[in-house]
Amino acid sequence: MEHFLLGDLTWSALPHQWFTVGATATIVAGLAVLAGLLTYLKKWKWLWKEWLTSTDPKKIGIMYIVMASVMLFRGGLDAAMIWLQQAMSAGNAPGFLGAAHGYLDANHFQQIFTAHGDIMVFFVTMGFFFGLINLIVPLQIGARDLAFPFMNSLGFWLYVAGAVFINMFFVIGGQFAGSGWLSLPPLSELQYSPGTGIDYWVWSLQISGLGSLLGGINFVATILKMRAKGMTLMKMPLFTWTSLCSMVLVIASFPVLTITTLLLWADRFFGMHFFTTTAGGNPMLYVNLIWMWGHPEVYILVIPAFGIFSEVVSTFSGKRIFGYVSMVMAAIGITLLSFLVWLHHFFTMGAGADVDAFFGIMTGVIAIPTAVQIFNWIATMYRGRIRFTTPMMYFLGFAGIFTMGGMAGVLLSIPGADFELHNSLFLVAHFHTMIVSAALFGIFAGITYWFPKVTGFTLNERIGRRAFWLWVVGYFVSFIPLYILGFLGATRRLDHYAASTGWQPLFITAGVGVLIIAAGALTQVWQVIVSIRERDEHRDTTGDPWGGHSLEWSTPSPVPYYSFAVAPEVDSRDAFWEMKKRGWKPGPAAPGTYKDIVMAKNTGMAIYLSGFVFLGAFGLVWHIIWLAVAGIGGAIACFIIQSFDEDTEYILPAAEVERLDRMAWERNK
């Protein structure tokens, strides 16, 4: 009976190690403080009605960004712990906290390494981009909402459920997966990872991956079917184009991740042998499948950033983007080619000269459309009236760092060179060069650029520039030593090394770089705090503080919940720029042009459904079959109830739209 009720769950699963006890105490204390604050301010009802149950893509976008920011702190803390261990763990120096070297034992180090990679990819970078796409893409195409409002809410809450699930081992379980961020077999098989860490990894990716897939479908449908009248595909802003390409990749690649991790779980749960060599399986099947998802995922993370940089460069150069058509073709080219390069991630497998040559050539070819975009951005700046704002600074930092990382990538596309460097810190440095410069700098540029559209005031530029320089300097101090260490033979996932290698000074230098990056992140937090305090000085009174080119800048700041009081019509690229040339002025529309607007109602069903999915996954991790069945059954019941609910919309009358629109513009004066 006890096993039926609790499965494999025992008292030993409760926190009992220094890091699980500390993390659990921190989580509980943080939640208690938040609950106390909401109770004191009497904001529970407001939080539920205005935010948690909202189907407004702008509010969902903000919630994505808030959650991604929390996970950035979590993933950044993991990175700092990795660097600290590597800086300390040289030779025979005595360890502490029970470790033989440094302060982490080998198993704990591998858990942190795994968690850092998964959190930064799935819950930080993707969370930020899904937030920005929710906030901006509907506005850029003149849509008031996404095609499927409930699906948008569900996608977000599945993302939140996955983010919570990947951290559940702190509270119940005691350890996470220690098999690397992709959990390659045989290390991830039950024989070598008998605990629940891999299962937590599998189901956190299953839950969040389902949310990403739903979001991808929703964004593609919205972009293809809900554009403003007159906006053809070749009149769309480039951020919308790159978001479309990225979401196509999500739809095409995430089912591969779902099936691959389900097969791994079947090996562990049912005793099957898809990937166990001794029983007739093939671990290289897993490696191929996971990277057939994994390399498109890299471009899912960077293609939207290219669109952000296109918007930023065009706006702050005071010019149209150079080579619009070639920029679109380059984005499409990257999207297609990203499916033809996955094998370069394991040139060391010995696939043969023909296979290695094909994937090496494809890896070199994919650099061409990326270079096209770089040259077009430079051409856009040429003879432009460049304003060196914080978003533009992030672009310039990206251009230099990304180009350097791209050259390292071309080197790694050569199978012979990759064979020597693949398992070294050179590869780690290359990957982080691309993701930090493109994805993170793109996110920072986008948030700074569109911040006034969301809040009604701009961020403090002086503090923003300081944060930028700390990030850039911190990057070089952190990752240039890793390139050197890679050439010297330092391997990935290294928690200890001999003192005779002479590597410790370089690891210590990299650790100093992490401190500089942390100072940059704290400066960004301070930037937001100061900007809120000085918001009256930085108020956006026109809705267009930067002189933007696309439709989002034609709305008042912050954007009303109905987005556009009057549906816009488009007859050219850079639609808003053309409107300003024809004499557009900020203010309400002409009387008589307002119409009734159909709006989606708020709903808590997405929270309930995601909660049941969470419980079902928890039951499967701990072999609590009744809980797994109840969770899956509850999720299906919620889905059926929502499917039959026809009361999901309401009408906002034209008179009310006019009143709200006039109030919004009057508030900006």
Side-chain angles (χ1 to χ4, degrees), residues 107 110-111 113-114 117-118 121-122 176-206 209-210 213 249 252-300 337-363 412-413 415-416 418-424 427 431 491-493 617 620-621 623:
N107 183 44
Q110 297 302 328
Q111 292 178 48
F113 181 94
T114 302
D118 288 308
V121 168
F122 289 97
F176 189 57
S179 49
W181 80 285
L182 292 180
S183 291
L184 302 180
L187 187 57
S188 55
E189 294 285 355
L190 199 58
Q191 179 181 357
Y192 300 104
S193 297
T196 57
I198 298 292
D199 301 306
Y200 271 124
W201 176 85
V202 166
W203 287 105
S204 65
L205 267 58
Q206 288 286 332
L210 177 59
L213 183 60
L249 285 177
S253 66
F254 265 76
V256 180
L257 175 68
T258 299
I259 293 301
T260 306
T261 51
L262 273 179
L263 292 176
L264 175 62
W265 177 76
D267 276 8
R268 297 174 57 83
F269 190 85
F270 294 112
M272 303 183 82
H273 300 287
F274 292 107
F275 308 123
T276 50
T277 306
T278 54
N282 185 356
M284 285 312 304
L285 172 62
Y286 181 96
V287 177
N288 273 280
L289 288 172
I290 203 72
W291 279 116
M292 286 174 67
W293 160 81
H295 201 82
E297 169 66 12
V298 172
Y299 289 100
I300 290 169
L337 289 170
S338 68
F339 284 101
L340 299 176
V341 296
W342 81 85
L343 197 132
H344 74 217
H345 290 278
F346 45 102
F347 276 144
T348 54
M349 70 178 280
D354 292 342
V355 173
D356 285 355
F358 174 81
F359 284 93
I361 292 169
M362 288 298 101
T363 304
L412 290 170
S413 73
D418 183 82
F419 193 88
E420 295 296 328
L421 295 170
H422 185 81
N423 199 39
S424 75
L427 183 66
F431 178 78
T491 59
R492 296 187 283 173
R493 309 176 189 180
L620 291 172
V621 166
H623 295 205

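Since the structure is predicted, the reported quantities are computational estimates derived from the model, not experimental observations. Side-chain atoms are counted along with the backbone in the values below, which use heavy atoms only and exclude waters and symmetry mates.
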Are [X] and [Y] side-chain neighbours, meaning at least one heavy-atom pair lies under 4.5 Å?
X: Leu285; Y: Leu289; result: yes
X: Tyr286; Y: Thr260; result: yes
X: Phe270; Y: Trp265; result: yes
X: Met349; Y: Val287; result: no
X: Trp203; Y: Val621; result: yes
X: Phe275; Y: Leu184; result: no
X: Phe339; Y: His295; result: no

I'd like to know whether CZ of Phe419 has more than 12 heavy-atom contacts from other residues, nucleotides or ligands below 6.0 angstrom.
no
How far does [atom1] of [X] sit from [atom2] of [Y], to the nearest 0.5 angstrom?
X: Ile198; Y: Ser188; atom1: CD1; atom2: OG; result: 5.5 Å
X: Thr491; Y: His422; atom1: OG1; atom2: NE2; result: 12.0 Å
X: Trp291; Y: Leu343; atom1: CH2; atom2: CG; result: 11.5 Å
X: Trp181; Y: Thr114; atom1: CH2; atom2: OG1; result: 11.0 Å
X: Tyr192; Y: Leu187; atom1: OH; atom2: CG; result: 9.0 Å
X: Ser338; Y: Met292; atom1: OG; atom2: CE; result: 11.0 Å

Quick check: closest heavy atoms across [X] and [Y], and the distance to 0.1 Å?
X: Asp418; Y: Leu412; result: CB-O, 3.2 Å
X: His273; Y: Ala279; result: CG-CB, 3.2 Å
X: Glu297; Y: Val121; result: OE2-CG1, 3.3 Å
X: Phe359; Y: Leu340; result: CD2-O, 3.2 Å

Between Thr261 and Gln206, do the side chains contain a donor N or O and an acceptor N or O under 3.5 Å apart?
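Checked: Gln206/Thr261 side chains pair up, N/O donor to acceptor below 3.5 Å.
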Regarding Thr363 and His344, is there a side-chain donor-to-acceptor distance under 3.5 Å anywhere?
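Note: Thr363 and His344 side chains meet the donor-acceptor criterion.
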For the pair Phe122 and Leu257, evaluate side-chain contact (heavy atoms from CB on, under 4.5 Å) and give the outcome as yes or no after the intermediate values.
CA-CA 12 Å; Phe122 289 97; Leu257 175 68; 3.8 Å; yes
Please say which of Pro186, Pro185, Pro283 ends up in a side-chain contact (heavy atoms from CB on, under 4.5 Å) with Thr277.
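The option that passes is Pro283.
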I need the single residue from Ile300, Leu205, Leu249 that forms a side-chain contact (heavy atoms from CB on, under 4.5 Å) with Phe254. Which is it?
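Among the candidates, only Ile300 passes.
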Kindly determine whether Trp293 and Leu182 satisfy side-chain contact (heavy atoms from CB on, under 4.5 Å), including the steps that lead there.
CA-CA 11 Å; Trp293 160 81; Leu182 292 180; 3.6 Å; yes
What verdict does the side-chain contact (heavy atoms from CB on, under 4.5 Å) test give for Asn288 and Phe346, after you've listed the backbone C-alpha separation in whole Å, the side-chain angles of each residue and the deciding distance to 0.1 Å?
CA-CA 9 Å; Asn288 273 280; Phe346 45 102; 3.4 Å; yes
Might you work through the side-chain contact (heavy atoms from CB on, under 4.5 Å) test for Leu337 and Val341, ending with a clear yes or no?
CA-CA 7 Å; Leu337 289 170; Val341 296; 5.5 Å; no
Could you check whether any side-chain N or O of Arg492 sits under 3.5 Å from a backbone N or O of Leu427, counting only pairs where one atom can act as donor and the other as acceptor?
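Pair absent, no side-chain N/O of Arg492 close to backbone of Leu427.
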